Number of protein chains: 2
Amino acid sequence: MNSNQEVIRRLSRYRNVMRKMKGLGLVKVFSDNLADAVGVSPSLVRKDFSMFNLTGNKRGGYRIDDLVTKLNTLLGKDKKQKIIIIGCGKLGQALMNHNGFPRVGIRVVAGFDSDPAVLNAEAPIPILHVKDIKEFIAENEIRVAALTVPEPAAQGMIDTLRKTCVKGVINFAPLTLKSSDDFLIHNMNIEQEIENLFYNIHFAESNPVENLVA
Amino acid sequence: MNSNQEVIRRLSRYRNVMRKMKGLGLVKVFSDNLADAVGVSPSLVRKDFSMFNLTGNKRGGYRIDDLVTKLNTLLGKDKKQKIIIIGCGKLGQALMNHNGFPRVGIRVVAGFDSDPAVLNAEAPIPILHVKDIKEFIAENEIRVAALTVPEPAAQGMIDTLRKTCVKGVINFAPLTLKSSDDFLIHNMNIEQEIENLFYNIHFAESNPVENLVA
DNA sequence: AATATATTGTGAAACAAGTAACTTTATAAT
DNA sequence: ATTATAAAGTTACTTGTTTCACAATATATT
Ligand SMILES: NC(=O)c1ccc[n+]([C@@H]2O[C@H](COP(=O)([O-])OP(=O)(O)OC[C@H]3O[C@@H](n4cnc5c(N)ncnc54)[C@H](O)[C@@H]3O)[C@@H](O)[C@H]2O)c1
Ligand SMILES: NC(=O)c1ccc[n+]([C@@H]2O[C@H](COP(=O)([O-])OP(=O)(O)OC[C@H]3O[C@@H](n4cnc5c(N)ncnc54)[C@H](O)[C@@H]3O)[C@@H](O)[C@H]2O)c1
């Protein structure tokens, strides 16, 4: 029905700020407050909620507790969210040891690498050889993987993952891997986003076309 | 003039695949080829190029060399792209040592941290105390920073950076920091994107509204 | 109890982005 | 030289998203 990615990200953000508001002792919240906090318009907040049947009170706003609970259900946070990390180099190990994941219900259950030197099956989060990945995924019903292998290995690994029950990948290799309906890939291209920042800083105010043509 | 971010990301992608095509010995490319490679429609490729006065030949497509050069200028890749890393923990150090940056013209010139234990002014990429950051930014004319400090420190650091000549930040702390016209923030919320994948996998095919209402 | 008011919820309007279809023109074929 | 054709460049259309404006209504006030 609804395949808009942005609205889901906003729902996530609304929930995150509401969690903080709750921490401050707040009980209810208005579309205006959420709009300010998240940086969108109040009507968009209401539209977003309306779209998912998240209702408030005609006067008195939304009950934070209530909304957070509903959003958790909606966003699937009531389920365990197990992930594996493929490629345990600099970035992969940072992800494996990231202490923010447990806080939001994401659990890294294993890492995989092709280099025997980094393997460690006995660690709290084991690093296993990538040759055993299919078996592991099947046994542990893994649905999501983070891909942190070098660029040349990325597409090959995707081809392997497609043959498993993995259904979503967050890719950090600097190339745009293509998603399909039954196999979602979210590309996090850090290099590209930095380039993009430079572009916007450097050229955005002046007319980029003229810069080029001149 | 043009404030559409997506088109800039696509230009980056077109350029990246053209660099690879060039590596394969190709000389010219058609909108159809680029469309296939990047996963967009041919008319969008042409429109994107047209928007930035990137012209080809009415028959015979676009000259790869020519286009890559023009895109490099347009995207600012002819300039040095210096960045600093603020917060040299797990993720910050991964970024500092990322060997993909030089390849695309991005140079990490320093890291900053508040923990004396991680400082190292003598390293090839020095890690300096964050108390000296303003001075360093001014002296080295830093325009872009990567923010990899813990979430509670993030907003404070942004407030500090706003008083410097830094004009863009790529933020990895899991909160949405707000951008403005003269100070751009790109939020890379890894946790949120993983949540988002789980949402899409779990709920997208079934009707999410009904799941919630039921 | 009656009235005023604040805030939600939503249909319509405005806007932005992408697609499709058409026009132009350079090259190739005859 | 003429004609055909392939692909760029452009315009018009379609689709999707956000904002606007207001009706509905729950709460507060008198
Ligand atoms: N380090 C960063 O901050 C950073 C930033 C942006 C993008 N990236 C991208 O993320 C990816 C990883 O970067 P990194 O810095 O961690 O690199 P890295 O070289 O430190 O780590 C890569 C790891 O992948 C392993 N590997 C190689 N081929 C494999 C395969 N076929 N299967 C399983 N494991 C394999 C290697 O043994 C190594 O341990 C790269 O694509 C890089 O471009 C990294
Ligand atoms: N590690 C990951 O893979 C990962 C993934 C997603 C998001 N993040 C986010 O990135 C940020 C960094 O994560 P990490 O895992 O590297 O954490 P970390 O704790 O390993 O590193 C944080 C570093 O920031 C330094 N620091 C703290 N306050 C500072 C300040 N005011 N000024 C300068 N330096 C300061 C600390 O001394 C430490 O070295 C966090 O916000 C985290 O949520 C990390």
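All values reported here derive from a predicted model rather than from experimental measurement. We name chains A, B, ... by the order of the sequence lines, and we start the count at 1 in each one.
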- prompt: Under 3.5 Å, is there an N or O donor on one side and an acceptor on the other linking the side chain of B/S31 and the base of D/dA8?
  reply: no

- prompt: Roughly, in whole Å, what's the span from CG in B/L54 to P in D/dT10?
  reply: 12 Å

- prompt: Using 4.0 Å as the upper bound for N to carboxylate O, is an ion pair formed by A/E139 and A/K134?
  reply: no

message: What's the closest nucleotide to the side chain of B/R46 if the choices are D/dC22, D/dA8, D/dT18?
response: D/dA8

message: Between B/D65 and B/K22, does any side-chain N to carboxylate O distance fall below 4.0 Å?
response: yes

message: What residues from residues 56-65 of chain B pass a heavy-atom cutoff of under 4.0 Å to DNA chain C?
response: B/K58, B/R59

query: To the nearest Å, how far apart are B/I8 CD1 and C/dA17 P?
result: 12 Å

message: Between A/N4 and D/dG16, is there a contact of a side-chain N or O with OP1 or OP2 at under 4.0 Å?
response: no

query: Under a 4.0 Å N-O cut-off, is there an ion pair linking A/E193 with B/R9?
result: yes

- request: Step by step, work out the side-chain contact (heavy atoms from CB on, under 4.5 Å) result for B/F112 and B/I127.
  value: CA-CA 5 Å; B/F112 290 89; B/I127 302 184; over 6 Å; no

message: If I take atom CG in residue B/D32 and atom C1' in nucleotide C/dA20, what distance separates them, rounded to the nearest angstrom?
response: 14 Å

Nearest-angstrom distance from the residue atom CG of B/D48 to C1' of D/dA8: 14 Å

- request: In whole angstrom, give the distance that lies between atom CG of B/L34 and atom P of D/dG9.
  value: 12 Å

message: Without decimals, in angstroms, what is the distance between A/L67 CG and C/dT7 P?
response: 16 Å

Under-4.0 Å side-chain N/O to phosphate OP1/OP2 contact, A/S43 with D/dC20: no

- request: Look at the side chain of A/N187 and the backbone N and O of A/L177, then say whether any donor-acceptor pair between them is shorter than 3.5 Å.
  value: yes

message: Between D/dT10 and B/K47, counting only base atoms on the nucleotide and side-chain atoms on the residue, is there a donor-acceptor pair under 3.5 Å?
response: no

query: Between B/F49 (CZ) and C/dT19 (P), how many Å, whole number?
result: 15 Å

- request: Ignoring backbone atoms, test whether A/S41 places a side-chain nitrogen or oxygen under 4.0 Å from the OP1 or OP2 oxygen of D/dT19.
  value: yes

- request: May I ask you to check whether over 12 heavy atoms, not counting those of A/R107, lie within 6.0 Å of atom CZ?
  value: no

- request: Give the rounded distance in Å between these two atoms: CG of A/L44 and C1' of C/dT10.
  value: 14 Å

field: Lys/Arg N to Asp/Glu carboxylate O, B/K80 vs B/E141, below 4.0 Å
entry: no

